[in-house]
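Following: one structure in structure tokens, then a few remarks.
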Amino acid sequence: MGLMKRVGIRIGFGAAAAGFALLVMTSTAWAQEPDQEIADLVAAIDTAWLLIAAFLVFLMQAGFAMLEAGFVRSKNVANILMKNILDVSAGALAFWAVGWGLAYGFSGDATNGFVGTGHFFLVGFDDWASWIFQFAFAATAATIVSGAMAERTAFRAYLFYSVFITAIIYPVVVHWAWDGNGWLSAFASNPIGTNGYLDFAGSGVVHMVGGFAGLMGAIIVGPRIGKYGKDGSINPIPGHSISLAALGVFILWFGWYGFNPGSTLGLTGGFAALAAKVAVNTTLAAGASAVGCAFLSRTRVHNFDIGLTLNGALGGLVAITAPCAVVDPWAAVVIGFIAAPIVILGTEGLDRLKIDDPVGAVAVHGFNGVWGVLAVGLFASKSGIAEAYVASDSYGLLLGGGAEQLGIQALGVAAIAGWTMVTSGIMFLIIKYTIGLRVSPEEEERGLDLGEHGVEAYPDFQPSPSMGGIANMLAVTQPATAAVPATSTSAARGPE
Amino acid sequence: MGLMKRVGIRIGFGAAAAGFALLVMTSTAWAQEPDQEIADLVAAIDTAWLLIAAFLVFLMQAGFAMLEAGFVRSKNVANILMKNILDVSAGALAFWAVGWGLAYGFSGDATNGFVGTGHFFLVGFDDWASWIFQFAFAATAATIVSGAMAERTAFRAYLFYSVFITAIIYPVVVHWAWDGNGWLSAFASNPIGTNGYLDFAGSGVVHMVGGFAGLMGAIIVGPRIGKYGKDGSINPIPGHSISLAALGVFILWFGWYGFNPGSTLGLTGGFAALAAKVAVNTTLAAGASAVGCAFLSRTRVHNFDIGLTLNGALGGLVAITAPCAVVDPWAAVVIGFIAAPIVILGTEGLDRLKIDDPVGAVAVHGFNGVWGVLAVGLFASKSGIAEAYVASDSYGLLLGGGAEQLGIQALGVAAIAGWTMVTSGIMFLIIKYTIGLRVSPEEEERGLDLGEHGVEAYPDFQPSPSMGGIANMLAVTQPATAAVPATSTSAARGPE
Amino acid sequence: MGLMKRVGIRIGFGAAAAGFALLVMTSTAWAQEPDQEIADLVAAIDTAWLLIAAFLVFLMQAGFAMLEAGFVRSKNVANILMKNILDVSAGALAFWAVGWGLAYGFSGDATNGFVGTGHFFLVGFDDWASWIFQFAFAATAATIVSGAMAERTAFRAYLFYSVFITAIIYPVVVHWAWDGNGWLSAFASNPIGTNGYLDFAGSGVVHMVGGFAGLMGAIIVGPRIGKYGKDGSINPIPGHSISLAALGVFILWFGWYGFNPGSTLGLTGGFAALAAKVAVNTTLAAGASAVGCAFLSRTRVHNFDIGLTLNGALGGLVAITAPCAVVDPWAAVVIGFIAAPIVILGTEGLDRLKIDDPVGAVAVHGFNGVWGVLAVGLFASKSGIAEAYVASDSYGLLLGGGAEQLGIQALGVAAIAGWTMVTSGIMFLIIKYTIGLRVSPEEEERGLDLGEHGVEAYPDFQPSPSMGGIANMLAVTQPATAAVPATSTSAARGPE
């Protein structure tokens with residue numbers, strides 16, 4: 001690439017003596033060979049797609065941050081946001097140093113089905129577009145966990161586990177499922193079974209890892225104070241802002257259009273039509289699940305519950321993430337409708353087991369991740385597999401394609417859930433018995449914002465006496481009756 | 001598309017024994033014929049543009065949600081957000097099942113100028129990129145209505161009318177104006193007049209439908225309690241969060257770059273330059289209208305009013321939506337400046353008629369939708385029409401192109417406004433006299449969040465005694481003096 | 001481009017008697033010549049990239065708005081948001097009328113190294129994609145200033161200086177550095193030194209201009225009441241919403257993927273790989289700086305401070321903006337880590353000088369803008385410069401490329417800082433001594449929202465007695481003890 005081209009592009013803006021050169025002309029001037037030109041165009045459009053998709057997936061960090069912030073109490077908002085900004089930041093360094101290398105890296109011929117072996121710190125590597133896309137996925141897996149463990153997990157513990165998931169636990173699963181050498185991979189030269197494990201955009205690889213690590217974390221850190229009464233009661237602890245939670249879901253849904261359609265990894269070679277079908281399926285599953293949760297919530301809690309409906313949309317998105325490329329739109333609708341009860345009953349079931357997940361991440365990402373993986377084995381069409389992978393006679397059980405694929409998908413579920421729960425369980429236990437996993441009860445009552453970060457998220461507004469940070473802090477240190485005069489309380493808030 | 005390509009793309013990440021294959025190489029390896037390669041590239045870039053534009057338009061749902069949430073009182077926030085999440089969700093199912101079929105569907109040769117006749121449930125259909133783009137537009141039309149009817153409309157009524165608009169009312173207008181067989185369509189083989197009705201991105205098709213359906217809804221559901229005094233006074237009811245409203249406008253403006261430039265539907269064939277011009281015009285009209293409203297608000301309410309300025313930006317965006325492809329930038333500035341008084345005087349006029357539109361949707365989308373459609377007949381340039389449609393001697397009246405186009409645009413306004421007002425009027429009346437359109441006065445006072453959904457949007461914060469949800473709830477059920485002690489009230493808030 | 005193509009594209013949706021025409025077919029039908037086809041594809045992909053990048057940069061306006069709103073007190077939220085919506089709106093008109101012309105415009109052969117000379121009001125101009133991209137950059141430079149001067153600057157003064165920066169101060173710097181005739185420009189036929197001044201996406205051109213104009217503004221308008229005690233104390237004035245600030249940072253980071261990778265201005269001609277590398281470097285620098293600030297804040301203020309961490313991410317983004325195209329990823333990490341102390345010590349240093357910058361804009365954009373420009377001279381690799389500009393033997397000092405480039409970068413810093421501080425200083429002084437730069441002390445205490453705009457941003461919520469708008473308003477007009485009864489205060493908020 002010579003001087004003329006480089007100058008030409010930028011000079012397009014300037015006032016070259018020869019006049020104003022259009023981009024079209026300057027850009028094509030350098031090209032000599034049609035084949036080379038076409039290869040350059042293919043690289044341009046495929047890279048553009050991968051980068052833009054990566055950027056949309058990155059924006060999901062904003063979605064998770066708003067969702068998780070909205071679903072926690074105001075006294076823990078700065079803490080959860082700090083976790084969100086740092087998991088993507090520290091995660092970037094971790095995925096640069098180690099994560100990519102364990103997922104896709106290799107060194108010479110040395111490789112294996114279990115883990116990548118090279119390109120640490122991206123030495124000798126230059127597939128930058130793939131790195132940024134995969135990094136955005138890794139950050140998604142890691143950030144899911146913070147929601148399930150919100151409102152009581154110590155910040156130092158968080159920093160450790162977040163980096164460990166991004167650097168180690170998640171990349172290994174990626175290697176299994178998506179690397180050309182992975183033992184589960186559909187892209188292996190001799191895949192397991194006929195097609196290998198099919199997980200187009202990561203219901204299992206990304207969401208199950210985040211969800212099941214969150215499950216282990218929620219179990220090991222224990223429930224928030226006051227969530228489960230000694231009499232067996234389950235006490236709702238409403239989040240502080242429905243607005244932020246709803247904003248988060250809209251942003252996440254938007255970002256999912258990078259997550260799923262972007263997983264074609266390019267648009268040339270006929271993938272454009274596939275990416276478009278994936279976008280349609282993603283939309284329909286999210287819509288069906290949100291509608292399903294709205295109506296189902298009415299039968300379970302006598303209301304159109306907005307928290308469950310928001311999580312419903314997310315559950316449908318998680319569920320369609322694996323099958324989005326291989327099912328027809330009608331099946332996306334069915335998959336979405338089935339995602340709805342999984343969100344609601346999953347959330348209820350965890351509560352019954354006294355596993356406290358403040359934002360519903362386990363049911364949304366973990367359980368619906370399982371459902372999405374299995375749905376491939378049930379609903380994948382013969383033409384869908386041919387379009388997204390390689391033509392095969394093994395496809396969805398319900399479409400007459402036999403049980404083999406469903407079996408492989410179940411194996412994938414078992415492997416991913418097993419790996420994630422064992423490794424993250426060990427990790428959380430080590431943290432618990434070394435640096436400590438949980439804040440003190442005093443700090444939890446007072447709020448993690450003041451305790452861990454010395455700030456209030458909303459210093460200009462009066463908290464409700466019954467809920468807010470300062471009031472709770474006072475309640476810990478002095479008699480509640482003195483701290484909150486009855487007249488003030490009843491006047492401003494009344495009984496609930 | 002054979003095995004090698006599919007594997008190649010994904011293996012690009014992996015550690016194939018033969019080394020690391022760049023995307024460029026794997027992707028081009030399969031292609032045999034230059035013509036086929038170029039057709040593939042054209043499909044890739046045009047599809048990419050349509051998909052990305054669709055995603056940006058989808059994000060407008062987040063913008064509308066934040067705008068509408070910000071402009072209502074805190075006691076109705078969860079309700080309006082629930083409506084926003086469900087209109088896109090139920091709308092996806094409705095546009096899949098029915099909407100597309102009535103807009104663009106056909107069955108064999110059976111078609112007509114009034115309504116589409118096939119492809120229901122997308123059977124026999126595979127133009128996925130077009131579906132997702134058109135769906136995002138349909139969701140926009142539907143969500144406009146919820147703002148105009150906010151803070152008093154029953155949720156069950158909302159569910160019904162929202163689906164009906166997405167499935168029936170809106171798609172018929174699309175068929176008229178944008179389908180190749182529509183009686184108004186510029187794409188018909190024998191369009192009405194010389195050019196047919198010109199509405200590039202839908203000032204009429206989308207925004208007038210949303211705005212005029214909202215107008216009928218606002219009239220039929222009636223004003224909020226307390227909005228209009230018996231003495232003829234008009235009482236401002238400020239929204240609960242300027243921050244969310246402003247965020248909504250920024251997101252909407254961003255999403256409009258999908259809405260308008262994306263309406264080229266592709267970038268090849270010379271459309272790239274047109275899309276760029278559309279982006280410039282969109283920016284200038286929005287800017288001019290916001291500036292206009294800021295200064296005009298100063299003369300009307302003695303302040304730089306932020307609510308009107310935010311709606312001013314939106315009004316400019318709506319107005320430029322029809323003419324964005326056929327006018328020069330100077331005309332975009334003029335169109336934007338004229339949009340400003342339409343927003344402000346339109347809002348004032350509705351108040352004088354006691355038509356209560358809490359978010360200003362009717363003036364922004366309905367009235368400026370009309371202005372945008374007519375502006376085509378005034379400002380469309382000869383070269384602009386040639387670039388975006390077909391070269392013609394009929395163009396903008398003010399540019400010497402005669403009055404014919406203005407006449408056709410006026411016919412389009414009459415047809416769209418008439419259809420929308422009649423069908424939505426009948427629909428709202430049927431709802432009113434069957435399942436009911438409005439919540440009870442008690443529920444309205446208390447807030448729809450508690451009544452319809454059993455939640456508070458912001459449980460951690462003390463509402464202002466004069467405005468908030470709980471305080472109002474108490475005011476309904478017990479004497480206000482007992483509920484809100486005078487000292488507490490005056491201390492925290494004082495007179496307004 | 002004939003009739004058939006235009007109709008074909010739109011008819012793709014309709015029910016043409018001949019059946020359903022795929023986009024691929026209609027779009028390619030018109031093309032005759034492979035060369036012409038390839039030129040069209042190049043234009044399409046390069047324009048798509050530039051437009052999408054411009055849209056992402058535009059969304060940074062939402063990010064700045066949320067960041068600045070979150071970092072000010074609730075009584076000044078509507079004011080800062082009004083400034084944000086109007087600087088992009090008035091800025092669009094200013095950059096249309098004057099700004100572009102001074103940056104890149106020319107008239108015939110008349111041009112010079114200091115300032116553009118034509119294309120005012122875009123007369124005789126049609127490079128629309130470049131205009132929208134450059135406009136989005138201009139709006140970024142202008143909006144930075146409002147943060148540094150927040151909470152006490154009069155609105156009329158703001159309108160004037162904002163337009164002046166977008167129309168005059170910023171475009172001149174663009175002409176110097178990026179126009180093909182600019183005296184500093186790397187794209188000049190005889191650039192200064194070997195390579196000219198290298199500032200790929202504008203650490204200097206955009207962020208230094210915004211940051212140093214903000215510095216002059218903050219100095220001349222003076223600190224907020226109460227910020228600096230007479231005893232030399234520095235009083236923190238916490239912003240009203242950590243949530244909005246965090247949202248702003250996530251949106252800004254996302255938008256930066258348009259800012260930096262988009263500055264390739266196209267993707268063909270091999271630029272796709274460069275854009276991807278830029279995205280990776282952008283990510284790593286942001287992550288490193290955020291992590292650095294989180295840990296450094298712990299040593300400075302005994303906490304993981306979220307405000308500093310959020311600004312840390314931004315500081316890293318600013319610092320990598322100039323060198324993103326010419327450094328390797330390891331250097332991006334180093335640059336990011338060094339950005340962290342610049343944010344924290346810069347903020348502390350300004351406070352020691354009693355220069356009050358409520359949002360930290362000067363340290364983030366001004367000081368890290370300087371750092372980014374200089375980092376090119378230290379870390380630019382030989383291959384990096386060849387890839388992004390023209391192969392050269394002058395590159396980063398620390399990589400053995402000599403000191404020349406560092407010298408040129410320092411010259412660029414001096415020129416940009418000097419121009420910006422002198423011109424903006426004169427401008428602010430003229431404003432101060434004519435229409436006035438600052439609101440009255442009464443209005444400042446009461447809040448600019450009520451004083452300038454007659455609204456409250458959050459009318460439904462009770463402000464904290466110690467901080468909020470109404471309480472402060474009362475405190476000005478009547479004795480505080482009467483306004484805020486002790487019992488109510490202590491109950492709801494307690495001591496801080």
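What you are looking at is a predicted structure, and each value in this text was computed from that prediction instead of being measured. The figures that follow rest on heavy atoms only: side chains count, while hydrogens, waters and symmetry mates do not. Sequence lines set the chain letters: A, B, ... in the order given, protein chains first and strands last, and positions in each chain run from 1.
- The parts of N84(B) that come within reach of chain A are both its backbone and its side chain, each placing non-hydrogen atoms under 4.5 angstrom from that chain.
- Contact annotation for M66(B): only side-chain heavy atoms (C-beta onward) come within less than 4.5 Å of a heavy atom of chain A.
- For W330(A), the parts lying under 4.5 angstrom from a heavy atom of chain B are both the backbone and the side chain.
- For the atom pair CD1 of I85(B) and CZ of F304(A), the computed distance is 14.5 Å after rounding to the nearest 0.5 Å.
- V291(A) touches chain B through backbone and side chain together, each having a heavy atom under 4.5 Å away.
- Using a 4.5 Å cut-off between heavy atoms, E452(B) contacts chain A through its backbone alone, with no side-chain atom that close.
- Of the atoms belonging to L81(B), heavy atoms from both backbone and side chain fall under 4.5 Å from chain A.
- Ionic pairing of E68(B) and K83(B) is not present here: no N-O contact between side-chain nitrogen and carboxylate oxygen is shorter than 4.0 angstrom.
- With a 4.5 Å cut-off on non-hydrogen atoms, I45(A) touches chain B through its side chain but not through its backbone.
- The part of L51(B) that comes within reach of chain A is its side chain, from C-beta onward, which places non-hydrogen atoms under 4.5 angstrom from that chain.
- Interatomic distance, CD1 of I52(B) versus CZ of F133(B), reported as 12.0 Å (0.5 Å rounding).
- For V249(A), the part lying near chain B is the side chain, with the backbone staying farther off; criterion is any non-hydrogen pair under 4.5 Å.
- For P261(A), the part lying near chain B is the side chain, with the backbone staying farther off; criterion is any non-hydrogen pair under 4.5 Å.
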Practice problem: For side-chain hydrogen bond (donor to acceptor under 3.5 Å, both in side chains), just list the numbers for N181(A) and D179(A), CA-CA rounded to whole Å, side-chain angles, deciding distance to a tenth of an Å, and then say yes or no. | Solution: CA-CA 5 Å; N181(A) 296 283; D179(A) 185 81; 3.2 Å; yes
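- Heavy atoms of F135(B) lying under 4.5 Å from chain A belong exclusively to its side chain.
- For S241(A) (side chain) and L244(A) (main-chain N/O), a donor-acceptor pair under 3.5 Å exists by modelled atom type.
- Neither the backbone nor the side chain of A53(A) comes within contact range of chain B; no heavy atoms are under 4.5 Å apart.
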